[in-house]
Student: 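Once you've had a glance at the structure underneath, I'll fire off some questions.
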Protein chains: 2
Amino acid sequence: MTAPERSLRADARRNREAVLDAAARLFAQRGDAVQMDEIAERAGVGVGTLYRHFADKRALLAAIIGRRFEAMTALARTADEARDPWVAFETLLYGYLESAEGDAAFRFAVLGAEEPRWQDIAAEKTDLSAIIERIVGRAVEAGRLRADFRAGDFVLIARGAMANMTGADDWRRHVTLVLQGIRGPER
Amino acid sequence: MTAPERSLRADARRNREAVLDAAARLFAQRGDAVQMDEIAERAGVGVGTLYRHFADKRALLAAIIGRRFEAMTALARTADEARDPWVAFETLLYGYLESAEGDAAFRFAVLGAEEPRWQDIAAEKTDLSAIIERIVGRAVEAGRLRADFRAGDFVLIARGAMANMTGADDWRRHVTLVLQGIRGPER
DNA sequence: TCGGAACCGGAGTTCAGGTTCCGAATAAGG
DNA sequence: CCTTATTCGGAACCTGAACTCCGGTTCCGA
């Protein structure tokens, strides 16, 4: 999908880059609701050019989302470098969510119900989930997360927070509640 | 929208009911992805009939969603009758979510980002939010919920759980985590 | 039983947005 | 420079789904 770097005429490579750029910005802004014509215009290119580089809208979206998952993987790797397991966990969680906050396409990919799941596609190309597992494992090990907390639970929580990304930053409140618990002192 | 009960010819009333029924079932199943033709067929009626009773798809959806919010209000009222504030709270939460589990249209209404928000529309017609406020207030009063817990937080949590309704019942795990907290014993 | 107002049905229209096509434009080797 | 394979651009096309239209049918009061 992201395709041949070599043997592309100069203008072709330039245009491909412009398309990728414009698409990234627009998808991030409005998810998959943006239309091909708009992306082409924003990239200063005709729709035909879009279709020379990407088979269809889905392929373009896939390329953009793939990139995001890679960035997310890098972010996770960085978080994992923190000594303190809890710091690593929090860094991962907030990094993940803050990225999602600025990227509707990413949220779309994570929250969407369509088959095949974007998440699963990405999982095959990056080792994001392995890193998440390690970070979660460390936090559990250190007793900072309940003993039965699993990597899958991280995803549940991330999804929950993303569902609350609607303009205001309600999602931070949501995360606060989850991290601190909602119970009162009375038991 | 739900319109004149009186002065409708017998067949008209019958058809309207059939449409409402079919639409409720289909929307619950697949959200707003169902198409008008399908609803008409399922109701044993022509599309023309759909449009005589409802101005457009949105109006039909609104009628169905309105109904759901009313049912939800009844449910909340029942929950509020429980003596124990915590029981009331849990009854509300699980009742709300279990209903949502079986109704994609309701989830669509609560999670959707479109303006105007379905939630807000419903809020004007029912006193659901007032009841939620009372139940939350009681639980806080009794010390079962953290002192700063607000009715808005209930919505955040409900949304979070709904975002995890994807076939499996991950959402129950999500709620468990939120209710019990995710921290380990190590403080 | 009859007249006509109200209603029905579903083929056809409209519209939006993704995708294709092909003559024009351009890069890059000789 | 010239040649030609490659790429560009964007009008035209296609598809799917919401919605309209109107001849035929049904209800219901007199």
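So you know, we letter chains A, B, ... as the sequences are listed, proteins then strands, and number each from 1.
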Student: Starting at the 5' end of DNA chain D, write a dot or bracket for each base, bracketing those in Watson-Crick or G-U wobble pairs whose two distances are under 3.5 Å and using | for partners on another strand.
Tutor: ||||||||||||||||||||||||||||||
Student: Please list, pair by pair, any protein nitrogen or oxygen found under 3.5 Å from a nitrogen or oxygen in nucleotides 12-16 of chain C.
Tutor:
none

Student: Counting only side-chain N and O atoms of B:Y51, is one of them less than 4.0 Å from OP1 or OP2 of D:dC19?
Tutor: yes
Student: Could you go through the side chain to side chain contact (heavy atoms under 4.5 Å, CB included) check for B:I157 and B:F149 one step at a time?
Tutor: CA-CA 11 Å; B:I157 287 171; B:F149 196 94; 3.9 Å; yes
Student: If you measure from the Lys or Arg side-chain nitrogens to the Asp or Glu carboxylate oxygens, is any gap between A:K57 and A:D32 under 4.0 Å?
Tutor: no
Student: Output one line per pair: protein atom, nucleotide atom from nucleotides 2-4 of chain D, and distance, for all N/O pairs under 3.5 Å.
Tutor:
none

Student: Got a salt bridge between A:D21 and A:R42, using NZ or NE/NH1/NH2 to carboxylate O under 4.0 Å?
Tutor: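 Salt bridge absent between A:D21 and A:R42.
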Student: Starting from C1' on D:dG16, measure out to CD on B:E38 and report it in whole angstrom.
Tutor: 14 Å
Student: Both B:K57 and A:G44 contact DNA chain D. Which one's nearest nucleotide lies toward the 5' end?
Tutor: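 The residue closer to the strand's 5' end, by nearest nucleotide, is A:G44.
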Student: For A:R146 and B:L177, what are the C-alpha separation, side-chain angles and deciding distance, and is it a side chain to side chain contact (heavy atoms under 4.5 Å, CB included)?
Tutor: CA-CA 9 Å; A:R146 46 189 286 171; B:L177 290 176; 3.9 Å; yes
Student: Whole-Å distance between D:dA18 C1' and B:L61 CG?
Tutor: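 Taking CG of B:L61 and C1' of D:dA18, I get 13 Å after rounding.
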Student: Tell me whether A:I135 shares a hydrophobic cluster with A:M72, the cluster being built from Ile, Leu, Val, Met, Phe, Trp, Tyr side chains joined at under 4.5 Å.
Tutor: yes
Student: Going by atom type alone, with no hydrogens or angles, which donor-acceptor pairs under 3.5 Å involve a side-chain atom of residues 87-94 of chain A and a protein atom two or more places apart or on another chain?
Tutor:
from	atom 1	to	atom 2	distance (Å)
A:T91	OG1	A:V87	O	2.6

Student: Given atom NE2 of B:H53 and atom C1' of C:dC8, what is their separation to the nearest angstrom?
Tutor: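 One finds 9 Å between C1' of C:dC8 and NE2 of B:H53, rounded.
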Student: Report the distance from atom CZ of A:R13 to atom C1' of C:dT26, rounded to the nearest whole Å.
Tutor: 16 Å
Student: Can you run down the side-chain hydrogen bond (donor to acceptor under 3.5 Å, both in side chains) pairs that involve residues 163-175 of chain A, sequence neighbours left out, and say none if there aren't any?
Tutor: A:E98-A:R172, A:E101-A:W171, A:N164-B:R159, A:R173-B:D148, A:R173-B:D153
Student: Spell out, yes or no, whether B:V155 and A:M165 are grouped together once hydrophobic residues are joined by side-chain heavy atoms under 4.5 Å, including indirect joins.
Tutor: no
Student: Would you please indicate yes or no on a ring centroid separation below 6.0 angstrom for B:F27 and B:F106?
Tutor: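 Distance test on ring centres: not under 6.0 Å, no.
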Student: Any salt bridge between A:R77 and A:D127, counting N to O under 4.0 Å?
Tutor: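 A salt bridge is present here (some side-chain N lies under 4.0 Å from a carboxylate O).
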Student: Nearest-Å distance, CZ (B:R52) to P (D:dC22)?
Tutor: 14 Å
Student: Does B:T49 put a side-chain nitrogen or oxygen below 4.0 Å from OP1 or OP2 of C:dG9?
Tutor: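 Yes, B:T49 has a side-chain N/O under 4.0 Å of OP1/OP2 on C:dG9.
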Student: Nearest whole angstrom, please: distance from the P of D:dA17 to the CG of B:D32.
Tutor: 12 Å
Student: Output one letter per nucleotide in nucleotides 25-30 of chain D: B when a protein non-hydrogen atom lies under 4.0 Å from the base, S when only the sugar-phosphate is that close, - when neither is.
Tutor: -BSS--
Student: Round to a whole Å and report the spacing from CD1 of B:I39 to P of D:dC19.
Tutor: 11 Å
Student: Run the side chain to side chain contact (heavy atoms under 4.5 Å, CB included) test on B:F54 and B:I39 for me, step by step, so that the C-alpha distance in whole Å, both residues' side-chain angles and the decisive distance to 0.1 Å come before the verdict.
Tutor: CA-CA 12 Å; B:F54 303 92; B:I39 295 174; over 6 Å; no
Student: Among the nucleotides C:dG18, C:dC8, C:dG9, which one has an atom lying closest to any side-chain atom of B:N15?
Tutor: C:dC8
Student: Check whether A:L156 and B:V175 end up in the same hydrophobic cluster, where Ile, Leu, Val, Met, Phe, Trp and Tyr are linked by side-chain heavy atoms less than 4.5 Å apart.
Tutor: no
Student: Does A:D11 come within less than 4.0 Å of A:R9, counting only side-chain N to carboxylate O?
Tutor: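 Yes.
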Student: Specify the closest pair of heavy atoms between B:V140 and B:A147, including all atoms of both residues, with the distance to one decimal.
Tutor: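 In terms of heavy atoms, the two residues are closest at CG1-O, 3.6 Å.
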Student: Rounded to the nearest angstrom, tell me the gap between atom CZ in B:R16 and atom C1' in C:dC7.
Tutor: 14 Å
